[in-house]
Number of protein chains: 2
Amino acid sequence: MPEPDLASRLGSTRYSAAQMRVVTAALDLFVQQGVSATSLQMIADAIGVTKAAVYHQFKTKEAIVVAAVELELGRLESALDAAESAQPGPGALEALLSQVVDLAVGRRRMVNTLLYDPVIVRLLAEHRPFMEFMDHLFSVLLRGREDAEARTRVAMVASAIGGAVTHPLVADLDDATLKAELLDLSLRFLDLGDGEP
Amino acid sequence: MPEPDLASRLGSTRYSAAQMRVVTAALDLFVQQGVSATSLQMIADAIGVTKAAVYHQFKTKEAIVVAAVELELGRLESALDAAESAQPGPGALEALLSQVVDLAVGRRRMVNTLLYDPVIVRLLAEHRPFMEFMDHLFSVLLRGREDAEARTRVAMVASAIGGAVTHPLVADLDDATLKAELLDLSLRFLDLGDGEP
DNA sequence: GTCTATATGAAGATAGAC
DNA sequence: GTCTATCTTCATATAGAC
């Protein structure tokens, strides 16, 4: 089976209106029940057409998954660009985290699916630009450190932001509040006990 | 389709040797590729029998998933019991976190699947004892606070521990080191700026 | 406890008309 | 761009022999 690739520059692919209808409906279902459990029939039903009509827009189910992931990843890349171009100096870390937190909170419904759905995980694991983006993000957060504590700390913030946005404990917080708390706590956590006593 | 229930007291169900072969092989496959993407044929192949033999041990695929989740959740419940019975006082939080971290690190291969696989998520969302365990865990970590910051903080530690153990940045750390770092950082994060300035 | 064989349905996917 | 109709493959699941 030929695997449709993600575009190397994210968010560059253009989709027709009919394709967008498919992708948005599909993403919605992926979020609700996972990629594997979502059939083309369900996607077709959701937009009120037949399977064949869906297949006219995308050759395979995999292509729909790719399009959905690509669309969301495009936002991440834009966020990264915004942060990097605005501040090349010390405020860069704050700017970067702020963008990531904004995005995660703004799209909290999606985050779990995009980060953890088995199908998407495999897709992204083979996707160079995504891996490189992640490496870049982590290296900024590591600030040159490589020891076990620093790496654990970064792994924890990354997971904390991605995981907390869908946590039941904060489900009732509005976006602005959650963003503020997440950003503040993330920054404090990263500076926790820094610079050797 | 009739849904097999998780036992209300976790880890109580007993399984035959043949059943254990099925469950452990299945869990392995669930971890590698997700629950939905794992067929009974794959499970049967993994243990070298036919599908019919597997069906003789468990009536449905769902029952296999339940058994696997139950087995792993039993460990969590034991860990909770150990922590609670040892320390009814102030050290309780440390003891509890320590148990959770131990378990998460010790079974890091499984953690993502158990926490995030869409099929298992739905299963656990309807599982009273699990929800009650989680509520209890969170209420201990909240220590009476209910404000946005406290809740965000707890949501973050919970996600941080669960997510960090499978993070590529710490993949090469041995269990002992990762446990120590995670526990230390979690405790410090929870105390971060406590007690109003 | 395991097998062979089979029922039944739904999945992904395509052909060709409108 | 959407339809009806159809193909193929594989999924869950069962019956009954050894």
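It should be emphasised that the depicted structure is a prediction, and the values quoted were computed from it without experimental measurement. What's counted below: heavy atoms across the whole structure, side chains too, no hydrogens, waters or symmetry copies. First the proteins, then the strands, lettered A, B, ... as listed; each starts at 1.
- In this structure, Lys61(A) places its NZ atom 9 Å from P of dA13(C), rounding to the nearest Å.
- Put simply, CZ on Phe58(A) is 12 Å from P on dT2(D), counting in whole angstrom units.
- Applying a 4.0 Å cut-off to non-hydrogen atoms, the residues of residues 17-26 of chain A that approach DNA chain D are Ala18(A), Arg21(A), listed by residue number.
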Criterion side-chain hydrogen bond (donor to acceptor under 3.5 Å, both in side chains) on Ser78(A) and Asp81(A), from CA distance to verdict: CA-CA 5 Å; Ser78(A) 306; Asp81(A) 291 349; 5.7 Å; no

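- Under the 4.5 Å side-chain heavy-atom criterion for grouping Ile, Leu, Val, Met, Phe, Trp and Tyr, Val140(B) is connected to Leu187(B) within one hydrophobic cluster.
- Ion pairing of Arg143(A) with Asp191(A) is present here, as a side-chain N (NZ or NE/NH1/NH2) and a carboxylate O approach within less than 4.0 Å.
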So which protein nitrogen or oxygen atoms get under 3.5 Å of nucleotides 3-5 of chain D's nitrogens or oxygens?
{"residue": "dC3(D)", "atom": "OP2", "partner": "Thr50(A)", "partner atom": "N", "Å": "2.5"}
{"residue": "dC3(D)", "atom": "OP2", "partner": "Thr50(A)", "partner atom": "OG1", "Å": "3.0"}

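- Using a 3.5 Å distance cut-off with no hydrogens or angles, the side chains of His127(A) and Glu70(A) do not pair a donor with an acceptor.
- His136(B) and Glu84(B) share a side-chain donor-acceptor pair at under 3.5 Å.
- Partners of Phe58(B) by ring-ring contact (aromatic ring centres under 6.0 Å, His included), not counting sequence neighbours: none found.
- Between the CG atom of Leu40(B) and the C1' atom of dG9(C) there is a distance of 15 Å, rounded to whole Å.
- Put simply, CD on Gln41(B) is 17 Å from C1' on dA11(C), counting in whole angstrom units.
- Using a cutoff of 4.0 Å between basic side-chain nitrogens and carboxylate oxygens, Arg151(A) and Asp147(A) are not scored as salt-bridged.
- Distance alone, capped at 3.5 Å, is enough to place a donor-acceptor pair between the Arg153(B) side chain and the Leu190(B) backbone.
- Rounded to whole Å, the distance from CD1 on Ile47(A) to C1' on dT2(D) is 11 Å.
- Nucleotide dA11(C) holds its C1' atom 14 Å from the CG atom of Asp45(A), rounded to whole Å.
- Phosphate proximity of dA13(D) to Tyr55(B): present, with a side-chain N or O under 4.0 Å from OP1 or OP2.
- If you measure from atom OH of Tyr15(A) to atom C1' of dG1(D), you get 19 Å, rounded to the nearest angstrom.
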Steps toward side chain to side chain contact (heavy atoms under 4.5 Å, CB included) verdict (Leu178(A), Asp175(A)): CA-CA 5 Å; Leu178(A) 182 55; Asp175(A) 284 8; 5.9 Å; no

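- Regarding Gln57(A), its CD atom lies at a distance of 5 Å from the P atom of dG1(D), rounded to whole Å.
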